[in-house]
Q: 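Handing you a structure now.
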Amino acid sequence: MKNAVIGNNKQKANLIVLGAVPRLLYLLQQSSSSLELRTECAVVLGSLAMGTENNIKSLVDCHIIPALLQGLLCSDLIFIEACLRCLRTVFISPVTPVQLLYTDPTVIPHLMSLLSRSRHTKEYITQIFAHCCKTPEHQTVLFNHSAIQNIAPLLISPSDKVRMQALKCFSVLAYENTQVSMTLVNVLVDGEQLSQVFVRMMQRDKPIEMQLTAAKCLTYMCRAGAIRTDDNCIILKTLPCLVRMCSKERLLEERVEGAETLAYLMEPDVELQRIASFTDHLVSMLADYFKYPSSVSAITDIKRLDHDLKHAHELRQAAFKLYASLGSNDEDIRKKITETENMMDRIVSGLSESSIKVRLAAVRCLHSLSRSVQQLRTSFHDHAVWKPLMKLLQNAPDEVLVMASSTLCNLLLEFSPSKEPILDSGVIELLCSLTQSDSPALRVNGIWALMNMAFQADQKVKVEIVRALGTEQLFRLLSDPDTNVLMKTLGLLRNLLSTRPHIDQIMSSHGKQIMQAVTLILEGEHSIEVKEQTLCILANIADGNTAKELIMTNDDMLQKIKYYMGHSNVKLQLAATFCISNLIWNEEDGSQERQDKLKDMGFVDILHKLTQASDPNLCDRAKTAMQQYLA
């Protein structure tokens, strides 16, 4: 059987169909079988596992994993190695559920105890760990069973394969894991710090896979806060190594992994973004990601060309991700990116690609660039980026929607030339529907975009927003559990209630409900920022001609303003004083009656006290208000 199936997928499939697997597993598990027989069974099963994914499914369905794990309890090393080799082959297949390694809690400690038995046990067990560590729970299980202490010595093993698998283990253990990363920093291997071992593994004479994986380890430790971003091992070693991985000479998957890891490394750090943008012409090097593989590629290996054509979209995704990360803070870098050949056209076509990952990465890149006032005014306008963006918003999955709607928020800022055409395209209904989403991020973006749209807008646009959103939804958003949603909704209200005719018109139709909402927020348990924003809305209402009567006839509201004028927080005192200032302003009808009423309620005494306030702004505002009484 063994000789028939080696290298022959057809024969493997035939044997599986004929029912060989249960029989082999039966013989493997019989204690009466000789060790030679049990070992041969494990070898044949291992060979069957080398076939197609369907073969692996059949093996897993026959419960091969528990049988082989049970076999590891035998004392014979050759049999153990045969079982491990087969387990390794089964576990590295994408169709095998990795959870099967963790069902029996005795398995991981037993594997740790077998680790140092031979070169093969080291290689297979670390490979199994590297493939089966997929979640934070898996990381914790391995960490708690001393994975770090057991695997660290293998980094200086004489065997390349063992070193490589140990390195992979550390990259999956450290990913987004502070506990592991903080522990790794203090580990010594043969008297040398682990981070220095990783640095040595990034040298140019080492295999590419080793350089890349060592760079990933240091990247993950850095992102988890265990290594500073200005540490030499990051700036002088890891970052240049990852930039090297992006060059044309590298294979497609190396370029993809290099770019994605580099994007992750520098995402939060503007200094690393600046350094990377000047390293090896990275910005123009990434432009090649869009031209590969072309029909004139120098690839002689036809299999390789076929593979790369199928995976070229991964390169585009990686380039967009890296551009997004590079341009997330620095204006000069953004300019450099948009001036790269056909960059905006590439982003626009990326927004409508069939691959969801490319669309997401393209919109991330667009969002990063849309933080630039200059780009919004120039390249975004020249390329009518808003059109494909609006199309993308029609029925995209949530993660794309979040990025696309964030970008739209920036395109709706008042200095953006795209604001007008977007308004004409019927975007208001779309944004109102986002505010009803279950996802807080989408609710925030929907309301944020409406807030930007309402800023200094025409009466017509404001009326349309209120109509499309509906007062019920507006007030539902004012009691949203998410503070960001609440803040943006207050911002929208504040923008709607600006300029007198607008204030009067909106308050005449919705005044009662708005005053109710203001009361609820001022009485509720809310942050200083929320209350300050609410008092600013009240100050806008107090600036209306007819709207101010809604405050003057509401003694409860006046008492609240009085309370906030005496509050311990200066911001709240300022906003409340501004309300009173607007109510008693001289040039307006009925100002005398309002001044008298507020004087009787004790506001003049409070203003007088505030003219001696230690905060200069508050002091000035109180003095300005007092002058209204003296004029």
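When a residue number appears, it is its place in the shown sequence, counting from 1.
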Q: Can you see which heavy atom on Met552 is nearest to which on Arg594, and at what distance?
A: CG-CD, 3.4 Å
Q: Strictly below 4.0 Å, N to O, side chains only: are Lys560 and Asp556 in salt-bridge contact?
A: yes
Q: With a 4.5 Å heavy-atom cut-off, do Leu486 and Ile521 have their side chains touching?
A: yes
Q: Side-chain contact, heavy-atom cut-off 4.5 Å: Leu326 with Leu282?
A: yes
Q: How many angstroms lie between atom CD of Gln533 and atom CZ of Arg494, to the nearest 0.5 angstrom?
A: 5.0 Å
Q: Would you name the heavy atoms of Met451 and Asn495 that are closest together and state the gap between them?
A: O-ND2, 2.8 Å
Q: Between Asp230 and Arg228, is the closest basic N to carboxylate O distance under 4.0 Å?
A: yes
Q: Applying salt bridge (Lys or Arg N to Asp or Glu O under 4.0 Å), run through Glu267 and Arg364 and close with a yes or a no.
A: CA-CA 12 Å; Glu267 200 173 11; Arg364 266 176 72 172; 3.8 Å; yes
Q: Run the numbers on Lys597 and Asp555 for salt bridge (Lys or Arg N to Asp or Glu O under 4.0 Å), then give the verdict.
A: CA-CA 10 Å; Lys597 174 171 180 177; Asp555 283 1; 2.9 Å; yes
Q: How about Asn540 and Asn582: do any of their side-chain heavy atoms sit closer than 4.5 Å?
A: no
Q: Distance from Thr219 atom OG1 to Lys216 atom NZ, nearest 0.5 Å?
A: 9.5 Å
Q: Side chains of Ser498 and Lys462, heavy atoms from C-beta outward: is any pair under 4.5 Å?
A: yes
Q: Can you confirm whether the side chains of Gln317 and Glu260 place a donor and an acceptor under 3.5 Å from each other?
A: yes
Q: Could you go step by step and tell me if Gln627 and Asn586 meet the side chain to side chain donor-acceptor pair (under 3.5 Å) rule?
A: CA-CA 9 Å; Gln627 279 162 0; Asn586 266 324; over 6 Å; no
Q: Quick check: do Thr546 and Met507 have side-chain heavy atoms less than 4.5 Å from each other?
A: no
Q: Do you know which two heavy atoms are closest between Ile537 and Leu490, and how far apart they sit?
A: CD1-O, 3.4 Å
Q: Show me, pair by pair, the donor-acceptor contacts under 3.5 angstrom made by side chains of residues 563-571, not counting sequence neighbours?
A:
| from | atom 1 | to | atom 2 | distance (Å) |
| --- | --- | --- | --- | --- |
| Tyr564 | OH | Leu522 | O | 2.8 |
| Tyr564 | OH | Lys531 | NZ | 3.2 |
| His567 | ND1 | Asn569 | N | 2.9 |
| Asn569 | OD1 | Lys571 | N | 2.8 |
| Asn569 | OD1 | Leu572 | N | 3.4 |

Q: At their closest point, which heavy atom of Val243 faces which heavy atom of Met285, and how far apart are they?
A: O-CE, 3.5 Å
Q: Does some side-chain heavy atom of Asn177 sit less than 4.5 Å from a side-chain heavy atom of Pro136?
A: no
Q: Can you see whether Thr483 engages Lys488 through a side-chain donor-acceptor pair at a distance of less than 3.5 angstrom?
A: no
Q: Can you list everything that forms a salt bridge (charged side-chain N to carboxylate O under 4.0 Å, His left out) with Glu532? Sequence neighbours excluded, please.
A: none
Q: Between Leu423 and Val461, is there a side-chain heavy-atom distance shorter than 4.5 Å?
A: yes
Q: With under 30° as parallel and over 60° as perpendicular, where do the rings of Tyr175 and Tyr264 fit, or are they tilted in between?
A: tilted
Q: Working to the nearest 0.5 angstrom, can you tell me the gap between Tyr323 OH and Ser368 OG?
A: 12.5 Å
Q: With ring pair (Phe, Tyr, Trp, His ring centres under 6.0 Å) as the rule and sequence neighbours excluded, what pairs involving residues 413-433 come up?
A: none
Q: Side-chain polar contacts of residues 385-393 - donor-acceptor pairs under 3.5 angstrom, sequence neighbours left out - could you list them?
A:
none

Q: Does the pair Ser406 and Asn445 meet the rule for a side chain to side chain donor-acceptor pair (under 3.5 Å), with working shown?
A: CA-CA 6 Å; Ser406 289; Asn445 288 348; 3.1 Å; yes
Q: Minimum heavy-atom separation for Leu574 to Arg621, with atom names?
A: O-NH1, 3.0 Å
Q: Who pairs with Thr407 by side chain to side chain donor-acceptor pair (under 3.5 Å), at least two apart in sequence or on another chain?
A: none
Q: Does the pair Arg500/Asp543 count as a salt bridge with the N-to-O cut at 4.0 Å?
A: yes
Q: Under 3.5 Å, is there a donor-acceptor pair linking the side chains of Ser370 and Gln375?
A: no
Q: In Å, rounded to the nearest 0.5 Å, how long is the span from CG of Leu469 to CD of Glu429?
A: 10.0 Å
Q: Kindly compute the distance separating NE2 (His383) from OG1 (Thr378), expressed to the nearest 0.5 Å.
A: 8.5 Å
Q: Evaluate the criterion salt bridge (Lys or Arg N to Asp or Glu O under 4.0 Å) for residue pair Glu339 and Lys335; output intermediate values, then yes/no.
A: CA-CA 6 Å; Glu339 285 169 0; Lys335 191 166 183 296; 2.8 Å; yes
Q: Report the C-alpha distance between Asn452 and Leu408 in whole Å, list the side-chain angles of each, state the deciding distance to 0.1 Å, and finish with yes or no for side chain to side chain contact (heavy atoms under 4.5 Å, CB included).
A: CA-CA 10 Å; Asn452 287 351; Leu408 195 61; over 6 Å; no
Q: Any heavy-atom pair between the side chains of Thr435 and Leu450 that's under 4.5 Å?
A: yes
Q: Looking at Gly544 and Ile503, what are the two nearest heavy atoms and their distance?
A: CA-CG2, 4.0 Å
Q: Going by an N to O cut-off under 4.0 Å, is there a salt bridge joining Glu353 and Arg346?
A: no
Q: Assess Arg316 against Tyr289: is NZ or CZ under 6.0 Å from the centre of the six-membered ring, and within 45 degrees of the ring's axis?
A: no
Q: So, are Glu331 and Arg371 salt-bridged, with charged N and O less than 4.0 Å apart?
A: no
Q: Under 3.5 Å, is there a donor-acceptor pair between the His502 and Thr499 side chains?
A: yes
Q: Using 4.0 Å as the upper bound for N to carboxylate O, is an ion pair formed by Lys336 and Glu341?
A: no
Q: Applying side chain to side chain contact (heavy atoms under 4.5 Å, CB included), run through Asp330 and Ser277 and close with a yes or a no.
A: CA-CA 10 Å; Asp330 186 286; Ser277 73; over 6 Å; no
Q: Please determine if Glu472 and Arg476 form a salt bridge, counting it only when a charged side-chain N lies under 4.0 Å from a carboxylate O.
A: yes
Q: May I ask you to decide whether Lys237 forms a salt bridge with Asp231, counting only side-chain N to carboxylate O separations under 4.0 Å?
A: no
Q: Dump the intermediate steps for side chain to side chain donor-acceptor pair (under 3.5 Å) on Ser328 and Gln273, then the final yes or no.
A: CA-CA 8 Å; Ser328 54; Gln273 290 156 17; 3.2 Å; yes
Q: Could you list the residues that satisfy side-chain contact (heavy atoms from CB on, under 4.5 Å) with Glu137, not counting sequence neighbours?
A: Thr135
Q: Using the rule given for side chain to side chain contact (heavy atoms under 4.5 Å, CB included), can you reason through Leu538 versus Ile561, listing the C-alpha separation, both sets of side-chain angles and the distance that settles it, and then say yes or no?
A: CA-CA 9 Å; Leu538 207 52; Ile561 296 174; 3.9 Å; yes
Q: Nearest 0.5 Å, what's the SG-CG distance between Cys222 and Asp269?
A: 7.5 Å
